[in-house]
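Proteins get letters first, then strands, A, B, ... in listed order; numbering begins at 1 in each.
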There are 2 protein chains.
Amino acid sequence: MKQDIRLSEVARAARVSIATVSNVINDKGRVSTATERRVRRAIEQLGYAPNLLARILKTNQSRLIGLVIPTARPGRLQDNPFYWDLLAGIEEGARDRDFHIILAGIEEGDETFAFVKERQLDGLIYVGASEEGGAVERVLELGVPCVFVDSYLRDARLYQVCLDDRLGGLLATQHLLELGHRRIAVLPGDIAPERLHRNGVLQERWSGYRLALEEAGVGYDPRLFMRYPTSMEGGLQAAAWLREAGDVTAVFSFSDISAMGIVKGLRQEGLGVPADISVIGFDDLCLSGYMSPALTTVSQNIVQKGLAAIRLLVDQIEQEAGFSRKVVLPVELKVRETTGTPA
Amino acid sequence: MKQDIRLSEVARAARVSIATVSNVINDKGRVSTATERRVRRAIEQLGYAPNLLARILKTNQSRLIGLVIPTARPGRLQDNPFYWDLLAGIEEGARDRDFHIILAGIEEGDETFAFVKERQLDGLIYVGASEEGGAVERVLELGVPCVFVDSYLRDARLYQVCLDDRLGGLLATQHLLELGHRRIAVLPGDIAPERLHRNGVLQERWSGYRLALEEAGVGYDPRLFMRYPTSMEGGLQAAAWLREAGDVTAVFSFSDISAMGIVKGLRQEGLGVPADISVIGFDDLCLSGYMSPALTTVSQNIVQKGLAAIRLLVDQIEQEAGFSRKVVLPVELKVRETTGTPA
DNA sequence: TTGAAAGCGGTACCAC
DNA sequence: GTGGTACCGCTTTCAA
């Protein structure tokens, strides 16, 4: 659709030059009150809306932020309602600061990020980036402000938003220990123990788990390390394994979604939660508190996460150097119904 | 960030005019194979990416679609994971057709939709529009292709994607009737019976409910009409009411999210599901099948919904007039664990 | 205070 | 086939 009304027509209607109209629109000041009023009325009457594209072409500021989300990674987006909350926070924050969000689902392997230059994006929020595959390097090469959310990046120069994951791991494990559990299985996700250190988030939660164990003088048993995908399905598989294990009385899942699967699976196998096995998750999805039984979990404010990401990004874009490149959000233990004293 | 490499530099490197480079880029044909190769190599070597904004300014085609989502309406977005699935479908469809999605959370009351003209959007997908407040009229005035998803619009000229809601209502109710239930409560949402006709989706599901009752020769009792918000919280309230009602043996909730709340609430009140009361929902969220007990529901393919919306929109944008303005997606009854024979 | 005019980076028409 | 050039709609010097 073509521009129906443009600057020149407003100018004609107000009997001034286009430069003056432009000055009025951008509040440049140097316009007499009388003319300004004339111009504003003309704008009003004609229902003029400026063409941002033309403006961007000139100013190189698109006020457009790309939200980069790897798709088709099993156990991530499609399966995890977590992302909806995050998105809500990001959109809201962007709107408040007069930015728009452009959605970019990508295949991490072969994405060139051409759209960033093509559409002159002001910045990027990259959710769940991984260090592998080189996608992150390619993004950085673009030279565009970028914030990584829930990514597993060890480079301290990058802007990141994450949680106090270690504390979360600690709190969850301590809670189970205090209840009297000693055989506490752990489900980080679909990852081998020796690769845990490459994944910041999981590594931290893991450290918290180990730390709590140590403080309590409980030895760590590597056989209690489970490896299943971060999804409802993965939780189901973990439940089957738990049943075989026999002596495990509690599980710490690093995500609510798989914790839900575990609870579901355990019950299907005829085991009681928390009667036979206690389950604790991580995330506190909007649904977690409403399950039956309600899930005990480590809570994070996901909407806050989105807001923080936007803030960090906009500060970069507008050169307002923030103090820190990494925002660490707090966690909170929410004790509900899936944990109890061991049988 | 300023354009690092532009057409003119590619032209210089390839020793041709910018017009020729443009012709190569846009596959206009009229270029000799030799020059084309030279140009392509220059593009490659310089890492040139065209500036879409400049192109759009000239061609008026932004290949950008606005996804309009009313925010802050309780019981909608924030609370309902449903939208995440929808979004995934829309983004995927858009990507396949080389469009990008720009997210626009709006307050339905006072949104002017200025961003549509400002950013020269090619089209709009409006999720959950309501006939009230005049937002729809304002959108239509823009003269931009538009598709309404899950909106309650009676104007047959509008492009819409929805479900076979009536069939869904019919199937759900028939299922309960066949199990032997006679006192079947219904929870459409936070809406009065006399206003139901203004809301296409709910009205249709309602018709299905009434129809099934009629076919089975079961009289309709208006006291079984519940009115609570479409959210987990609303379901909880409904559960409290059900307990008071006493003789109700089954409930049909028009959304999974409130059905989950009902199940949760009922159990808290000490009632068994489905032992005392059967519950059936509508949506089939990704989590619904994994709850304990798993929710019986009317299933819709939400991702398909997103894809259909994009198709309908792109057909409009590219003038490929489709047959029909309204796409009605199928529903399917998924019998799981929350329904059974009455006590 | 106001206006004329030179771009921003492309597209497309029209000569050659 | 190829190149010159007039726009697209706005911002921004620089003069008047």
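What separates CD of Q61(A) from P of dC10(D) is a distance of 17 Å, to the nearest Å. Rounded to an integer number of Å, the gap from N23(A) CG to dC14(D) P is 15 Å. What separates CD1 of I18(A) from P of dC10(D) is a distance of 8 Å, to the nearest Å. The separation between L53(B) atom CG and dG9(D) atom C1' is 13 Å, rounded to whole Å. When rounded to the nearest whole Å, the span between CZ of R38(A) and P of dG3(C) equals 8 Å. Atom C1' of nucleotide dG10(C) and atom CD1 of I56(A) are separated by 15 Å, given to the nearest angstrom. As a whole-Å value, the separation of K117(A) NZ from dG9(C) C1' is 14 Å. Taking atom CZ of residue R12(B) and atom P of nucleotide dG10(C), one finds them 13 Å apart after rounding to whole Å.
When distances are taken from the side chain of S32(B) to each of dC7(D), dG4(D), dG1(D), the shortest belongs to dG1(D). Residue R55(A) places its side chain closer to dT11(D) than to any other of dG4(D), dT11(D), dT11(C). With dT11(D), dC7(D), dG9(C) as the choices, the nucleotide that has an atom nearest any side-chain atom of A54(B) turns out to be dG9(C). Considering only the side chain of L7(B), dG10(C) comes nearest among dG1(D), dG10(C), dG4(D). Comparing dC8(C), dG10(C), dG4(D) by their closest approach to the side chain of N51(B) singles out dG10(C).
Considering only side-chain N and O atoms, K28(B) lies under 4.0 angstrom from the phosphate OP1 or OP2 of dA12(C). Contact annotation: Y48(A) does not reach the phosphate of dG9(D) (side-chain N/O to OP1 or OP2, under 4.0 Å). T59(A) has no side-chain polar atom (N or O) that falls below the 4.0 Å cut-off from OP1 or OP2 of dC8(C). Not one side-chain nitrogen or oxygen of T20(B) sits closer than 4.0 Å to the OP1 or OP2 atom of dG1(D). When the side-chain nitrogen and oxygen atoms of T35(A) are compared with OP1 and OP2 of dT2(C), one or more of them lie within a distance under 4.0 Å. When the side-chain nitrogen and oxygen atoms of N26(A) are compared with OP1 and OP2 of dT11(D), one or more of them lie within a distance under 4.0 Å. Between R6(A) and dG9(D), a side-chain N or O to OP1/OP2 separation shorter than 4.0 Å is present.
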Using side chain to side chain contact (heavy atoms under 4.5 Å, CB included), reason through V144(B) and K117(B) one step at a time and then give a plain yes or no. CA-CA 9 Å; V144(B) 168; K117(B) 294 170 75 178; over 6 Å; no
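The nearest heavy atom of DNA chain C to V31(A) and to L52(B) marks one nucleotide each, and the one closer to the 5' end goes with V31(A). Both L57(B) and E36(B) sit near DNA chain D, but only E36(B) has its closest nucleotide nearer the 5' end.
With a 6.0 Å cutoff to the six-membered ring centre and a 45° limit on the axis angle, R63(A) counts as a cation-pi contact of F99(A).
Salt-bridge formation is not detected for the pair R97(B)/D122(B): no Lys NZ or Arg NE/NH1/NH2 atom is positioned less than 4.0 Å from an Asp or Glu carboxylate oxygen.
The closest side-chain heavy-atom distance from I101(A) to I102(B) is not below 4.5 Å.
Residue side chain K58(A) reaches the base of dG7(C) through a donor-acceptor N/O pair under 3.5 Å, judged by distance alone.
Among the atoms of the strands shown, base atoms are found under 4.0 Å from some heavy atom of S22(A).
Listed for the Q316(B) side chain is a donor-acceptor partner under 3.5 Å among the backbone atoms of C146(B).
Taken to the nearest 0.5 Å, the SG atom of C162(B) stands 7.5 Å off from the NZ atom of K305(B).
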